[in-house]
Structure formats: structure tokens, C-alpha cells
There are 2 protein chains.
Amino acid sequence: MRLTRQADYGIVVMTHFARLGEGETHTTRDIAAEVHLSVPMISKILKALARGDLLVSQRGVNGGYSLSRAADEISVADVITALEGPIGMTACTDEHSDGCDIDDVCAVRGNWQLVNQVVRRALENITLEHMAEPMPCTFDELMPPPRKERLPQAHNHERDS
Amino acid sequence: MRLTRQADYGIVVMTHFARLGEGETHTTRDIAAEVHLSVPMISKILKALARGDLLVSQRGVNGGYSLSRAADEISVADVITALEGPIGMTACTDEHSDGCDIDDVCAVRGNWQLVNQVVRRALENITLEHMAEPMPCTFDELMPPPRKERLPQAHNHERDS
DNA sequence: GGAAATAGAACCATTTTGGTCCTCTATTCA
DNA sequence: TGAATAGAGGACCAAAATGGTTCTATTTCC
Ligand code: FES
Ligand code: FES
């Protein structure tokens, strides 16, 4: 339930890009200096982000990286996916359930998919533009209402407690 | 962005409890057998869940574990918290930012808190009762609408692109 | 008192992650 | 043409987290 440090830094870097101009390219060393991290580390992260089509790389003299699209077209889910693979909280997806020992007798796998969807969508709704805001909106429109009590019974209950 | 296997199994176990009767107590060995996992592993998980006040333990002969409250009063967020600590996707919280090297110059820490809130709330809204449903509701009321385009500009934009 | 159950902690093997470094390729410009 | 600059890709190793097991205490019922 915690993302890796690389993904963490990845968001910082991408947010930094979002704060800078739209199509500007910046070199690895510049970014590293501005974000106060080591050049090799940033380099590794930038490469992964470029592989994920979130950054465009330009080699050679005057080269560097730039955002591949507008800041409000890139979500934190995109960044995380680029840096640590598909977002999914469980080891047991519907596809390949290797890694889970109880795949055949497990009765919650279907539900897990829905849980995954919930957090994935939550992350998809947060864009780099949001992150770039100095003190952002409250994200109220991004998260479901905090109803702690009972959920509106929109689903079919047989045994209605 | 992936929860540990113990938390994974923890949810399976808790869901299993939710499917059984309300106040029934079950022994470690029974649960382990029913969930098809090793006894020591389940034991470790059950102990942690009891420490988190999600299960009530009864020692001695005829002892075992039982849910501490109704299934719709326990969220998957509770289970995860009990098994892997407070939910927070980043290493750098507002409280103790040890572990992050750029805490003082980082400009996204405030926003991270909001991101954390989004997923935490999403997880808090899913109860064991939901998980216990054979094929559950679509969780439509649990997740924010999948608006992929532009967000309703409810927040203050200075530079409105 | 003995059997049955959990509590708690120590323990080690394996995997994952963090971080660095080296070589190769592409681009610009003198 | 060739030197300088910048990224691509991968090998590499140390450190940390995780998974899983086992042992000894403590509580409870008969
Ligand atoms: S298949 Fe792995 S927990 Fe359900
Ligand atoms: S303080 Fe750690 S990434 Fe911002």
C-alpha cells in the first residue's frame, strides 16, 4: 500500500516539468539539480518515464526531456504505471494468478478487481496540473463522499441483516 | 502501489469471517484449512488482526477468533491498516519526513496528503460486507465518476491555460 | 494438573528495492 | 569529418523489506 521511492520521485519530477513551460526540454543534470537528487537516480527515472511515453527524449547536443502532452492530460496513475508497472493492489489478478497460492479456492478475486478499479480511478482523476498547483483544490470532486455510516443499499441484499 | 501478501490474505480471512456467522468464534486451524493456507501464516495474520481490534481472541480450550464488530462496520482500509500500518502511499508525510531526502525543498508534499486521502477514503468505503457478496455490486457508488476528459473547474485557476 | 488454544518474539532465506557505473548510440556544430 | 554533448540500455551490488517457520510463554476449560 505504499509506492516505491522511484515512483514517489517520479511524481515530483513530473510535477516539476508541469511547473516549467509546456514544450521546454530540460537536461537530466538540470532536473537533478533543481529537484535535489543525484543525477544517476534522476536519469534512471527519466528513462523509464520516456519509455512510458510520458516524456519525449531528445538526444545529442541541446537534448533533454520534455512532457509528451499537456500537464492536465497526464495523471499520477500514468506516472506510477510507467515506473512500477500496472496499478493493481493484489498479486492475484484475473489474468495470471501466479503468485497467489489459493487462486482456485479464493472467493474474493472478483471483488479484488473492483477494489483495484476504485483506487485506479481515484489516481487517474488526479492530473499533474493538480499536483502543480501550489496549494491545490480540495480534491473534493475527486473523492467519493466520506459517508462512514451505511451505504445506500443500491445492491441486492438477500440477507438484509 | 501493491499491498503485501499478508494484507492480501488478511482480507481473504476477514471476508471469510464475514461469510460465517456474526459472533461465531473459529480456531486458527479451522480457518487455515478453510482458506487453504499454512497454519503459522494464518496464525500470524490473525494475531495482527486481533491487535488491531478487528478480531476478538479467546484463549484456552474452545478458544478462537471472532469478528469484533459487524461486517459492515469493518472496512478493507481497517484490515490493511492493521496488517501494514497506516495507509499512506508516500514515505514523506507531514509528520515525520524522515526517509525522504528532499523534504525541505519538495513542493508536492501538501498535495501528496490529498492523494493519500483520496485512496484512503476509497478504501474506507469498502466494507467486509461488500467483499462477502458473491458477485458484488458494481461499486459504482464507491468510486468517483470516470470522467477522463476535463475536470469541472471547481478550483481556482489563475493561469487557465 | 493437563490439554487446547492464543501471544509474542526470534529467526533466516528470499526477494525487492535503491543506487551507481559503464558502454553504446544519436545529435549538433565547429 | 570529428569532437563534444546528451540520452539508452543494462550490469551490478549493498541494503532493506518480506515471507514464512519455529519456539516458548500464557490463558482457559475440563
Ligand atoms: S486469488 Fe489471491 S487472494 Fe484471491
Ligand atoms: S517530501 Fe518526499 S517527495 Fe515530497
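Reminder, nothing fancy here: chain letters follow the sequence lines and each chain counts from 1. Only a predicted model underlies this, so the values are computations on that prediction, with no experimental measurement involved.
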With the sugar-phosphate defined as primed atoms, P, OP1 and OP2, and the base as all remaining atoms, what B/S/- string results for nucleotides 25-30 of chain C, 5' to 3', for protein heavy atoms under 4.0 Å?
BBBBS-
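Residues that satisfy the side-chain contact (heavy atoms from CB on, under 4.5 Å) test with A:Asn62, not counting sequence neighbours, are absent from this structure. Residues that satisfy the side-chain hydrogen bond (donor to acceptor under 3.5 Å, both in side chains) test with B:Glu34, not counting sequence neighbours, are B:His16. With sequence neighbours left out, B:Thr4 forms a side-chain hydrogen bond (donor to acceptor under 3.5 Å, both in side chains) with B:Glu84. In this structure, the side-chain contact (heavy atoms from CB on, under 4.5 Å) partners of B:Thr81, at least two apart in sequence or on a different chain, are B:Ile87. Annotation: salt bridge (Lys or Arg N to Asp or Glu O under 4.0 Å) contacts of B:Arg69 (sequence neighbours excluded): B:Asp78. The side-chain contact (heavy atoms from CB on, under 4.5 Å) check on A:Val39 picks up A:Thr28, A:Arg29, A:Ala32, with sequence neighbours excluded. Scanning for side-chain contact (heavy atoms from CB on, under 4.5 Å) contacts around A:Ser68 gives A:Val56, with sequence neighbours left out.
Listed by residue number, B:Thr27, B:Thr28, B:Arg29 are the residues of residues 24-34 of chain B with a heavy-atom contact under 4.0 Å to DNA chain C.
The side chain of A:Ser43 contributes no N or O atom lying less than 4.0 Å from OP1 or OP2 of D:dG7. Between A:Arg5 and D:dA16, a side-chain N or O to OP1/OP2 separation shorter than 4.0 Å is absent.
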Scan nucleotides 21-24 of chain D against the protein and return all N/O pairs shorter than 3.5 Å with their distances rounded to 0.1 Å.
from	atom 1	to	atom 2	distance (Å)
D:dT21	OP2	B:Ser38	OG	2.8

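Every pair tested for salt bridge (charged side-chain N to carboxylate O under 4.0 Å, His left out) that includes a residue from residues 43-63 of chain B fails, sequence neighbours excluded, so the list is empty.
Summary of the strand contacts: B:Ser57 and A:Leu3 both lie near DNA chain C, and taking for each the nucleotide with the nearest heavy atom, the more 5' one is attributed to B:Ser57.
The residue from B:Val13, B:Thr27, B:Ile31, B:Leu46 that alone fulfils the side-chain contact (heavy atoms from CB on, under 4.5 Å) condition with B:Tyr65 is B:Leu46. Of the candidates A:Ile74, A:Ile45, A:Asp8, A:Val12, A:Ile74 is the only one forming a side-chain contact (heavy atoms from CB on, under 4.5 Å) with A:Val79.
Relative to the side chain of B:Arg51, the nucleotides C:dG8, C:dG19, D:dT18 differ in distance, and C:dG8 lies closest.
Summarising the geometry, the separation between CZ on B:Arg2 and C1' on D:dG19 is reported as 16 Å, rounded to the nearest angstrom.
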